[in-house]
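Notes follow the structure.
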2 protein chains.
Amino acid sequence: MAATVQPRDATLAVKDSRPASVEKADFADAKGEKESAPSTGTLGKALEVLDIVALADRPMRFTDILQIVDQPRGTLHRQLSNLIEEGLVTVNPDGTYDAGLRLLKLAARAWSKNTFRSIAEPHVRKLHEATGETVHLGVLNGLEVIYVDKIESNQTVRMHSQLGNASPLYCTGIGKAMLALLDEEDCANRAQRFDYKKHTETTLHTADLLLNEIARIREVGVSHDREEHEVGIRCVSAGIDGGDSTTIAGVSVTAPAYRIAEDTILEWENLVRQTAKAIEQDMAAAMGPRSR
Amino acid sequence: MAATVQPRDATLAVKDSRPASVEKADFADAKGEKESAPSTGTLGKALEVLDIVALADRPMRFTDILQIVDQPRGTLHRQLSNLIEEGLVTVNPDGTYDAGLRLLKLAARAWSKNTFRSIAEPHVRKLHEATGETVHLGVLNGLEVIYVDKIESNQTVRMHSQLGNASPLYCTGIGKAMLALLDEEDCANRAQRFDYKKHTETTLHTADLLLNEIARIREVGVSHDREEHEVGIRCVSAGIDGGDSTTIAGVSVTAPAYRIAEDTILEWENLVRQTAKAIEQDMAAAMGPRSR
DNA sequence: AAATTGAGTTCCAAATAATGGAACTTTTTT
DNA sequence: AAAAAAGTTCCATTATTTGGAACTCAATTT
């Protein structure tokens, strides 16, 4: 197994980069993934627990967690102890667990240092100014888009509120645009692995529907979200090939459906396409000068 | 050792909650910590590596990391592999390592679910509206403040840019206000552990100077940053006792020194004190109704 | 062009840490 | 007050991590 192509750069070859995390029963999150992948190693198991604590929608008590991870009480207890000691998890006085502050600190640095995001930022901003609507920048991560930047149309809404949020690929504009950038095999593979949910009437809820649409997107170079994720919300989006074979991303313009006229859509398609191209070029330029 | 008071709630007792991370030689970060604490367990060691990768100021190659962690090549290699497989770290095509997107996702959830932050938010906003200046909300974490909310005076600056950022306690308004909230012993203890740096002329750069100031802050209930961290920046701040013996926090109003008149300071002292009190009350109210 | 160095990767016996079952303590429920 | 549930501790067994050395590959140097 693991017939990964060895990169010629001096670089760690990763066997299989699924985000790895296990949820059981009805604890199906907005992960978009169909089946659990077994977490390997001590780290994996610890992160499995961390995921449960951090991504749960309700506050989790010891027993809640115990029911999700298939582990003996003693083991889980020690794992939580370790996570707490490391500052990745905190305990509330009522005995529930929460994600710890160390995560915030790590993520803040990760975000501010991220070269792709910083290169893309001016273009994202320009797109926002040109359209006056909400603009998203998202990056491919397994079966999800993770939003790494966002400019709201209405500045009164808190900006950072959505940063780092993740959505499934199959029902978002950016997600579909990114899928269209992958090679057929990879794309089809992921299409099989989604845990499809019919969020709205128009959601593409089967692999076939999705792959058809992807084929169309490949031709046009632009994708649409026609209220497929949320009723009343449309978006136009284009994929970005980061050039380093690691970064696949996308930009989008989003707005309430009623506010968008047909010719606006066409205009956005062009703007979004141009923005994506511009980011690709800047990335290439930044990559060219070997390393640093 | 570790004579921690056992909480009577059904709750994990943590022996000693230092953020645990090791930096060597000149790799002294903005961690504020004097000495390295040995990371225990597999998780701790993995996080040590993650810290190095995520918190470094320059892009780190394998060998760079190797020189900081005191480990054999083989071991570090496997640790990095694990981190990558888990999505906590990514490799750039030039062989440097970066913090992975999974951190962003985890942190986003951690942030949005954080009850303290959400309870404090309206008060923070109100304080911003009353003063028209930048307002920070920070939480105590080891020897640092971690900023969990921020409202800029100038909206053109990106809001989220500083979220999750950490600063040493001894040279920030919020930091000193929080220290003043701790019991003498704890406070003195931390004062010894800082890795004092004279950021500016006015920085309190010894434990004695700091403890004197803290004593004064205890009496007044408000702390000041008189350009102690950055030249030209002053702030007024008050500590918040979250009530659950876990959450110690603080709010502050910050502005360029030249813009602040003396009577403004007095006004801010009151506003900041009131805000802190209001947050404490809301927290108590939210805690009272046992759990759920 | 061959040799040397440096950087990263793989392997495996030895050392260490994680496991899981059961017993124990505390809290909550009946 | 008794019983059940929830959380914690302990320790022999088991599995993972460790660290040293050998190996591969690319980049320099001679």
Side-chain angles (χ1 to χ4, degrees), chain A residues 1-15 20 22 38-50 53 59-86 89 91-97 290-292, chain B residues 2 4-15 20 22 38-50 53 59-86 89-97 289-292:
Chain A
M1 54 144 172
T4 318
V5 184
Q6 280 295 98
R8 44 209 146 302
D9 326 85
T11 275
L12 283 177
V14 184
K15 298 128 208 175
V22 185
S39 310
T40 52
T42 311
L43 218 203
K45 290 171 210 155
L47 286 176
E48 194 181 317
V49 175
L50 178 58
V53 171
M60 300 290 260
R61 285 201 312 288
F62 185 89
T63 315
D64 298 324
I65 304 171
L66 188 62
Q67 282 167 346
I68 295 166
V69 291
D70 189 22
Q71 301 216 44
R73 284 202 295 288
T75 300
L76 175 61
H77 186 261
R78 188 179 27 70
Q79 288 174 332
L80 280 168
S81 298
N82 291 338
L83 287 168
I84 292 168
E85 190 165 4
E86 292 300 336
V89 164
V91 215
N92 303 323
D94 67 348
T96 59
Y97 297 91
R290 262 266 154 266
S291 79
R292 190 260 143 277
Chain B
T4 319
V5 184
Q6 281 294 99
R8 47 208 144 300
D9 327 86
T11 276
L12 284 177
V14 183
K15 297 128 208 176
V22 184
S39 310
T40 52
T42 311
L43 217 204
K45 290 170 209 156
L47 286 176
E48 195 179 317
V49 174
L50 177 58
V53 171
M60 300 290 261
R61 285 202 312 287
F62 184 90
T63 315
D64 299 324
I65 304 170
L66 187 62
Q67 282 167 346
I68 296 166
V69 291
D70 189 23
Q71 302 216 42
R73 285 202 295 286
T75 300
L76 175 61
H77 186 261
R78 190 179 26 70
Q79 288 174 332
L80 279 168
S81 298
N82 290 339
L83 286 169
I84 292 167
E85 189 166 4
E86 292 300 337
V89 164
T90 48
V91 214
N92 304 322
D94 67 349
T96 59
Y97 297 91
R290 263 265 157 266
S291 80
R292 186 77 217 87

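For clarity, every value in this text was computed on a predicted model and none was experimentally measured. Only heavy atoms go into these numbers, but all of them, side chains included; no hydrogens, no water, no symmetry mates. Lettering follows sequence order; numbering is per chain, from 1.
Under the 4.5 Å side-chain criterion, counting only non-hydrogen atoms from C-beta, A:R61 is in contact with A:T96. Side-chain contact between A:V89 and A:L50: present, with at least one pair of heavy atoms (C-beta onward) separated by less than 4.5 Å. A heavy-atom distance below 4.5 Å is found between the side chains of B:S81 and B:H77.
Rounded to whole Å, atom P of C:dA18 lies 14 Å from atom CG of A:L47. Distance A:D70 CG to C:dA18 P: 20 Å, rounded to the nearest Å. The distance between atom CD of B:E48 and atom P of D:dT18, rounded to the nearest whole Å, is 11 Å. The CZ atom of B:R78 sits 6 Å away from the P atom of D:dT17 (whole-angstrom rounding). Rounded to a whole Å, the CD atom of B:Q71 is 14 Å from the P atom of C:dT16. Rounding to whole angstrom units, CG of residue A:L43 and P of D:dT18 are separated by 10 Å. As a whole-Å value, the separation of B:K45 NZ from D:dG19 P is 7 Å. Nucleotide D:dG7 holds its P atom 10 Å from the CD atom of A:Q67, rounded to whole Å.
Considering only the side chain of B:T75, D:dG19 comes nearest among D:dG7, D:dG19, C:dT19. Considering only side-chain atoms of A:H77, the nucleotide from D:dT9, C:dT19, C:dT9 that sits closest is D:dT9. Between C:dT19, D:dA22, C:dA7, one nucleotide has an atom nearer to the side chain of B:T63 than all others, and that is C:dA7. Considering only the side chain of B:R73, C:dT9 comes nearest among C:dA18, D:dT8, C:dT9.
Each of A:V49, A:V53, A:L83 was evaluated against A:Y97; a single residue qualifies, A:V53, per the side chain to side chain contact (heavy atoms under 4.5 Å, CB included) test.
Closest-nucleotide positions on DNA chain C for A:G74 and A:T42 were compared, and the one nearer the 5' end corresponds to A:T42. Between B:D64 and A:Q79, it is B:D64 whose nearest contact on DNA chain C lies nearer the 5' terminus.
The minimum heavy-atom distance between B:Q71 and B:L66, with the atom names listed, is O-CD1, 3.3 Å.
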